[in-house]
Amino acid sequence: MTDFYVGDKEYFPKIGKVRYEGPESDNPLAFKFYDPEKKVGKKKMKDHLRFAVAYWHSFCADGTDPFGSATHAHPWIADAKTPMEAARHKMDAAFEFITKLGAEFYCFHDRDMAPEGVSPSESEKNLFTLVERAKKLQKATGVKLLWGTANLFTHPRFMNGAATNPEFTVLALAAAQVKAAIDATIILGGQGYTFWGGREGYMSLLNTDLKREKEHLARFLSLARDYARSQGFKGAFYIEPKPMEPTKHQYDYDTETVIGFLKANGLDKDFRLNIEANHAELAGHDFAHELETAAAAGMLGSVDANRGEPRNGWDTDQFPTSYYETAMAMYAVLKAGGFSTGGLNFDAKIRRNSVDPTDLFAAHIGGMDTFAVGLEIAQRIIADGKIPGFVKKRYSSFNSGDGAKFEKGLLSLTDLAAIGQADYGKSGITSGRQEYLENILNQYLLGL
Ligand code: XLS
Ligand code: NI
Ligand code: NI
């Protein structure tokens with residue numbers, strides 16, 4: 001990887017390569033805990049965490065919110081004469097940023113990278129022109145594509161959904177966009193392709209045929225899968241659950257809902273889950289709950305690493321700062337065997353009033369450090385063995401005898417009832433020792 005910018009101009013001139021300086025450092029532009037080459041268990045930190053920068057939040061978002069206009073004056077847009085020129089500058093800035101930060105991956109939507117044209121064919125031309133540039137920049141910097149996706153929610157044509165739109169022509173146009181985004185992902189060597197159900201849901205049941213929309217969604221996803229496989233795509237497909245926003249009810253509500261949907265439609269072999277912390281919270285779940293639920297089905301794919309604001313009911317997409325949350329998350333990831341095609345994508349944005357050029361760096365550095373700590377704690381939980389050992393012991397009555405027979409499906413309900421009656425009074429009042437386990441975790445968190 002080069003330490004230098006690779007485009008025509010340097011966009012973050014005052015900032016060099018971000019390096020690990022250790023917990024005592026007071027350099028705001030250095031890692032305190034993320035030491036990429038450090039071995040944690042059997043792998044290096046960077047290979048456990050597989051950090052990705054989200055193109056949309058970091059290089060497209062401009063601080064706009066429903067109450068105010070843009071506050072982030074991006075230098076890569078300022079001097080551009082055409083949308084394509086702005087897109088080229090933005091890409092140069094993106095690769096400079098990702099390289100200086102030392103993240104290995106990025107994720108993008110088609111429309112983050114290239115502006116929409118006046119016709120679908122011009123949009124595709126714009127996309128593939130910029131994809132060629134991205135391919136060159138990937139080669140020059142060593143930065144890789146974690147996953148690609150299509151933006152099927154910003155343009156007004158998608159106001160009633162894309163794959164679940166009541167109008168066939170809109171659905172077909174969405175297919176054109178997905179087909180091109182899959183091609184782009186393949187050209188860029190993407191390890192995954194994500195479907196976040198942008199407006200796949202409804203605002204009112206009074207105008208919605210829910211059954212038909214869900215059938216359309218399943219067929220659309222199957223067609224996308226078949227097309228990508230026919231083009232040689234070997235990566236993973238992800239569904240990213242979210243319960244609401246922008247629609248009142250999103251069909252991909254939460255992990256359990258998505259698993260059921262994928263299984264019911266024969267998609268569970270190719271699709272896995274991309275779990276976002278903030279979406280978990282909106283669904284009323286802990287981040288770790290969603291990860292464990294996906295892992296339990298063997299379908300944990302990737303992570304959108306961010307956090308919500310627990311007292312707000314929307315997707316605030318903030319950078320992660322809680323060691324407790326990242327420790328629980330990485331414990332779930334390590335128990336599941338770690339990431340294969342997936343990684344930790346910072347689907348997070350700096351605040352509207354974060355207007356200093358260093359803020360974008362500080363945000364990512366903090367997020368990476370927070371996950372590095374989470375990883376170390378998770379490894380400590382596993383290596384120390386107290387917590388997993390407790391859990392193992394808690395279920396030990398199923399390891400032999402009648403408990404093992406039950407697990408193997410060798411007992412009927414009548415058999416079980418007879419055992420239950422004979423053993424009456426022998427057990428059941430056993431402590432779950434939650435507080436003891438919580439205290440152990442807190443001890444690890446302080447590194448004791
Ligand atoms: C929005 C989603 C989105 C996806 C990518 O809430 O998190 O950013 O990750 O389409
Ligand atoms: Ni996301
Ligand atoms: Ni989100």
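Computed over heavy atoms, backbone and side chain alike; hydrogens, waters and symmetry mates excluded. A quick note: this is a predicted structure, and the numbers were derived from the prediction, not measured. Each ligand, and each atom within it, is numbered from 1 in the order the structure gives.
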Under 6.0 Å between ring centres, would you say that holds for Phe95 and Tyr106?
yes

Ligand 1-proximal atoms of Asn278, by part, heavy-atom distance under 4.0 Å
neither

Number the atoms of ligand 1 from 1 as they appear, then name those within less than 4.0 Å of a heavy atom of Asp315, with their elements.
1 (C), 6 (O)

Need the atom name: nearest N/O/S atom of Glu276 to the Ni ion (ligand 2).
OE1

Pair His364 + Phe346: ring centers closer than 6.0 Å:
yes

After noting the C-alpha distance and the side-chain angles of Glu10 and Lys100, does the key distance pass the salt bridge (charged side-chain N to carboxylate O under 4.0 Å, His left out) rule?
CA-CA 11 Å; Glu10 191 170 15; Lys100 285 182 170 176; 2.7 Å; yes

Would Tyr193 and Tyr238 count as a side-chain contact (heavy atoms from CB on, under 4.5 Å) if you check the C-alpha gap in whole Å, the side-chain angles of each, and the deciding distance to 0.1 Å?
CA-CA 6 Å; Tyr193 185 89; Tyr238 306 122; over 6 Å; no

What do you reckon, are the aromatic ring centroids of Phe220 and His216 less than 6.0 Å apart?
no

Which ligand 1 atoms does His109 reach within 4.0 Å, using its non-hydrogen atoms?
5 (C), 10 (O)

Atom name, Asp347 (N, O or S, nearest to the Ni ion (ligand 2)):
OD2

Asp304 neighbourhood, listing ligand 1 atoms whose heavy-atom distance to it stays under 4.0 Å:
9 (O)

Indicate yes or no: does an N/O atom of Asn274 lie under 3.5 Å from an N/O atom of ligand 1?
no

In ligand 1, the atoms that come under 4.0 Å of a heavy atom of Asp347 are 2 (C), 3 (C), 4 (C), 7 (O), 8 (O), 9 (O)

Looking only at the side chains, is there a donor atom on one of Asp92 and His89 sitting less than 3.5 Å from an acceptor on the other?
no

Among the N/O/S atoms of Asp304, the Ni ion (ligand 2) lies closest to OD2

Ring-ring centroid check Tyr34 Phe51, cutoff 6.0 Å:
yes

With a 4.0 Å cut-off on heavy atoms, is His279 touching ligand 1?
yes

If I take the Ni ion (ligand 3) as the centre, what angle separates the OD2 atom of Asp315 from the NE2 atom of His279? Nearest 10 degrees is fine.
90°

Would you sort out whether Arg157 and Glu116 count as a salt bridge (charged side-chain N to carboxylate O under 4.0 Å, His left out), showing the intermediate values?
CA-CA 13 Å; Arg157 77 171 69 91; Glu116 173 138 8; 2.9 Å; yes

Any nitrogen or oxygen of Trp56 lying under 3.5 Å from a nitrogen or oxygen in ligand 1? Just yes or no.
yes

Could you pull out the atom name of the N/O/S atom in Glu240 that is nearest the Ni ion (ligand 2)?
OE2

Among Lys242, Glu245, Glu240, His57, which one puts a heavy atom closest to atom 9 (O) of ligand 1?
Glu240

Centroid-centroid distance, Phe158 to Phe153, less than 6.0 Å
no

